[in-house]
Structures are given as structure tokens and as C-alpha cells.
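Here's the structure we're looking at; comments come further down.
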Amino acid sequence: MSDHHARLPEGGLSVEEVLAEVARDRVGDIDWRSGKAFSLVYNAADDDLERLQHAIADDFLHENALNPFAYATLLRMEQEIVEMAADLLGGPQHAGALTSGGTESIFCAVQTARDMGLERGIDSPVALVPSTAHPAFTKAGHYLRLEVRRVPVGTDGRADVGAMVDAIDTDTVLLVGSAPCYPYGVIDPIADLAAAASEHDLLCHVDACLGGWILPFWEALGEAVPPWDLSTPGVTSLSADLHKYAYAFKGASVILYNDRSMLKRQHFIFDDWPGGLYASATTAGTRPGPPIAGAWATLHHLGRDGLIAKTRVVRDTAHTMIGGLRTIGDLHTVHEPDMSVACFGSPTVDMNAVADVMDTRGWRLDRQPDGLHFMVSPGHAGHAEEWLGDLAFAFANHGEAKDVFAPYSGTA
Ligand SMILES: *Cc1c(COP(=O)(O)O)cnc(C)c1O
């Protein structure tokens, strides 16, 4: 936005002027519809769905879900989303909530675990998470005064259950696993981790923010998926983002527990206020209607068949991309991805240099210390061959010697 608008404009601009200015300023933003962007937008490539989402967001633009009695429709939608999630992900009924995103779902799980620890007399509760767990755990620990210890993962990129068990001490309250983790797209050994948690009388959270709304359909396609959801003995809570592989627009995730008594710990009620009784089920106060109505409409429009169809497209495209990249020079996936998210690198070539060349061709791959990262959405389906062609070109023509880029690269 141009500088002169850093201050509240004296006179307002017309609708047309505002829209024209935004259109001008947006030119440099990543175009998620191009099929060349990764990770920030899960492009469903579905015109009907997009039409529905625009219409429903418009319908509920000004509604506020803070008071569930004022907008009973939003309350019902929210409850139905949570029940659908619980049904899909092996949880009991009435033991979950809709949140604004993965971070908020994880905050709720961490707060619940912290409070259960405090109640047991653990004054400095600790959560053990694999080194690949999302930063949201460390962030939640930072806000909520719970220490988050990161335990190095095994050589396969998956949580090292033995090392996590070794790290358990009298302050430990929570073990975490991901299904899958964001950096490598690998699923932690949830069954073993949850069994260890239950053996030591600890809570176990599964971060399925990424996989929660695709792994059930991945499995339905006949792919091997290890146990990971709330039906796995010992798993006590689970987070799953609707704004990722359920193709809802941003602002929707679920936190589910295996017991309603855990959910109640995140409920907040305050009755000593001149404004009257105040209650909330998650960290937010005022809550926008569009993400709730949008997620509900998306699940109802797609249904199980629609989500399976999208998963098939994602799987086939991921197989093409992952299989194809392995035929280019010495490129390889850093670990063996379980799903549609991967990190790839090379023992000889600086991947930042490869990414620089890819950038010139419009691709926006994410850069990690040990390689380049991508997550596949249906919007990539028509672009896999072009991506592979450009990747082969970039690999052959990255130009620069590796040591020139060494300061910027974590590649071994
Ligand atoms: C995206 C993600 C999160 C955080 O979710 P936000 O919606 O970005 O807050 C947590 N864990 C994993 C594995 C994720 O992919």
C-alpha cells in the first residue's frame, strides 16, 4: 500500500477507488491460482466450491459467533463440523471445538495439558515434542508457561519414541506426535508414542493439522496409513485444520479430545463483570461467521466422495512429482514422505541456487535448511510435468558453485 495511506485518510475514497488501488497493489502478491505456489493456499481448483464459498462468506460476513444464542445457525454449524470431525477421526461426540486455525487448536491442547499437570502438583509442566513438531507448540509453551522440549527425530525423520521415553521425567505432562509433520511430510509412530504416553500416565496430542482431513481419504484409496487418529489407544487430543486439506478458506480448525472432561478445561466463564456473564469455548472472543459457515458449507458440498476425489488428484500428482524428481540428477526426498508433502535435496547441488532458477520460472518452492519443500494440492494437477521440466532445467543450470551459497544453506 502506498505511504500516504499509513495515516487515516481525511476524506474517504470511493468504493471504486479503493478496489482499484488494491488491484494495483496486489500485482506483486503470489498468484495462488497459477498452480505454481505452494503451502500457503490449498488450492482446490474447483470453481463450484469457490462460488459457494464466496456466497456463504458474503451471507455471514457480519455475524458474530461470540454469543451462540444470538446466531443459532452458526452454533449448529459449528457443532456439526466438530461432530463430523470426531466421527471421521475416531473421537467421541461432544468433546471438541472449532478454532481459528492450527495454532489455536494447539494452544488449547497445551493449555489443557498444562492445567492437568498443575492439578497433579506439577508446578513446571513439560511437553516433549519431536524436533519436527510445528513451532506452534513452542509458541504455546511460551505464552502459557509450559516448557516445550524438542527431542531429535530418528534417521527416518520420524519421532524417536525411545529417545522421547528417555526424556520423560517427573515434570512431563504431554507427548506430541505429528500426522504428518510439516517439514518432511512423514507420520510419527503414533501408536508407539501413544502407548508410551499411556504407560507413563501422560497425555498424548496428535498434530494432524496437515493430515487430519486427507489421511482418512488417502487410506480409503487403498494407501497404507499407520494408526494415527483418536481411535489409537493412548491418544488424548488431536488437531486438524479445515483450512488445509478440507479446502475451507482460512480460519477453521478443530481441536478434539478423547474425553469431554478435557474439553471443559478450555471453557472460560466469568460472572463478575458489570457487562454480565461472559463465556467462551476457545481463546477468541468475537468470532467471525464466515470461517464457520464456510467450513460447514465446504464439507456439505464436497462430502466424503468429493474429498476422496480431491485426495485422488492430490495423490496422483504427488506421486508424479516425487517419482519424477527422483529421476533428475541426484535429487532425492530428504525422508520418505507418507503423503503429499515432501522435502527434497541433493548431496552435490545447492538447493537455494536451484530454487533461485525455479523462481525465475514463477515457481514458489519453500526453502528449508536441508532442501526445498512442497505440498501438493489439486491446483497442481495440471502443472506437474511443467514443474518437473523446469526442475530438470534448474538442476542442470543452477550455475553457481555450492560454496558460494554455503552461508545461506543448511545443506550438509
Ligand atoms: C499448519 C500447521 C500448523 C499450524 O496451523 P496454522 O493454521 O498455521 O495456525 C500446525 N501443525 C502443522 C503440522 C501444520 O501443518
Side-chain angles (χ1 to χ4, degrees), residues 60 62-83 85-86 91-127 134 136-148 173-174 176 203-207 209 230 236-243 250-293 295-296:
F60 284 86
H62 295 286
E63 270 74 355
N64 186 346
L66 170 60
N67 180 343
F69 307 110
Y71 295 105
T73 309
L74 286 174
L75 176 64
R76 182 177 54 79
M77 287 172 160
E78 176 170 5
Q79 287 171 339
E80 288 185 14
I81 295 166
V82 172
E83 297 320 314
Q93 299 285 284
H94 312 302
L98 192 69
T99 70
S100 62
T103 301
E104 190 182 3
S105 292
I106 288 167
F107 262 63
C108 291
V110 167
Q111 177 249 315
T112 303
R114 180 203 62 184
D115 289 354
M116 289 175 79
L118 290 175
E119 211 167 85
R120 289 176 170 197
I122 299 171
D123 293 331
S124 313
V126 172
H134 196 277
F137 289 96
T138 300
K139 181 178 176 181
H142 176 70
Y143 276 54
L144 298 168
R145 289 181 180 271
L146 169 137
E147 189 188 331
V148 173
V173 294
L174 174 68
V176 170
L203 299 170
C204 177
H205 180 81
V206 173
D207 179 11
C209 282
L230 265 168
T236 53
S237 58
L238 181 146
S239 45
D241 292 355
L242 290 139
H243 61 207
K250 249 61 83 191
S253 170
V254 288
I255 172 71
L256 302 175
Y257 297 98
N258 72 341
D259 189 320
R260 182 168 165 80
S261 67
M262 281 181 77
L263 171 71
K264 284 185 168 169
R265 292 171 185 274
Q266 69 176 58
H267 289 166
F268 177 80
I269 298 168
F270 186 64
D271 64 1
D272 182 20
W273 187 42
L277 180 70
Y278 184 98
S280 66
T282 55
T283 58
T286 285
R287 292 173 63 214
I292 302 171
W296 186 92

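Along the sequence shown, residues are numbered consecutively beginning with 1.
With contacts defined as side-chain heavy-atom distances shorter than 4.5 Å, the pair Gln93/Arg260 does not qualify. For the pair Ile122/Leu118, no side-chain contact is recorded, criterion being any heavy-atom separation below 4.5 Å from C-beta on. Side-chain atoms of Met116 and Leu203, non-hydrogen and from C-beta on, do get closer than 4.5 Å to each other. Under the 4.5 Å side-chain criterion, counting only non-hydrogen atoms from C-beta, Glu78 is not in contact with Trp296. Counting heavy atoms from C-beta outward, His134 and Lys139 have side chains that stay 4.5 Å or more apart. Using a 4.5 Å heavy-atom cutoff, the side chains of Leu238 and Val254 are not in contact.
Of the N and O atoms on the side chains of Thr112 and Tyr257, at least one donor lies less than 3.5 Å from an acceptor on the other residue. Inspection of the His243 and Ser253 side chains reveals no N or O donor paired with an N or O acceptor under 3.5 Å. No donor-acceptor contact under 3.5 angstrom links the side chains of Gln111 and Gln266, judged on distance only. The closest side-chain donor-acceptor pair between Ser239 and Asp207 falls under 3.5 angstrom.
In this structure, Ile255 and Ser105 approach most closely via the heavy-atom pair CD1-O, 3.6 Å. Among all heavy-atom pairs drawn from Phe60 and Thr73, the shortest one is CZ-CG2, 4.1 Å. Residue Asp241 comes nearest to Gly101 through the heavy atom pair OD1-C, 3.9 Å, listed as atom of the first residue, atom of the second, then distance. Residue Leu230 comes nearest to Ser237 through the heavy atom pair CD2-N, 4.0 Å, listed as atom of the first residue, atom of the second, then distance. The nearest pair of heavy atoms linking Gly117 to Val173 is CA-CG1, 3.6 Å. In this structure, Ala136 and Thr103 approach most closely via the heavy-atom pair CB-OG1, 4.0 Å.
Separation of atoms CD1 (Ile292) and CZ (Arg76) is listed at 12.5 Å; rounding is to 0.5 Å. The structure places CG of Leu242 at 10.0 Å from SG of Cys209, a figure rounded to the nearest 0.5 Å. Atom CG of Leu98 sits about 12.5 Å away from atom CD of Glu80, to the nearest 0.5 Å. In this structure, CZ in Phe268 is found 12.5 Å from OG1 in Thr282, a value given to the nearest 0.5 Å.
Under the 3.5 Å distance criterion, the side-chain polar atoms of Arg287 are left unmatched by any main-chain donor or acceptor of Leu66. Using a distance-only test at 3.5 Å, with no hydrogens or angles considered, no donor-acceptor pair links the side chain of Glu63 to the main chain of Leu74. Under a 3.5 Å cut-off, the side chain of Glu104 and the backbone N or O of Thr283 do form a donor-acceptor pair. Side-chain atoms of Arg114 come within 3.5 Å of backbone atoms of Leu144 as a donor-acceptor pair (strictly under, hydrogens ignored).
Annotation: side chain to side chain donor-acceptor pair (under 3.5 Å) contacts involving residues 267-279, sequence neighbours excluded, are absent.
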Next item on the list: Check step by step if side chain to side chain contact (heavy atoms under 4.5 Å, CB included) holds for Ser280 and Ile269.
Entry: CA-CA 7 Å; Ser280 66; Ile269 298 168; over 6 Å; no
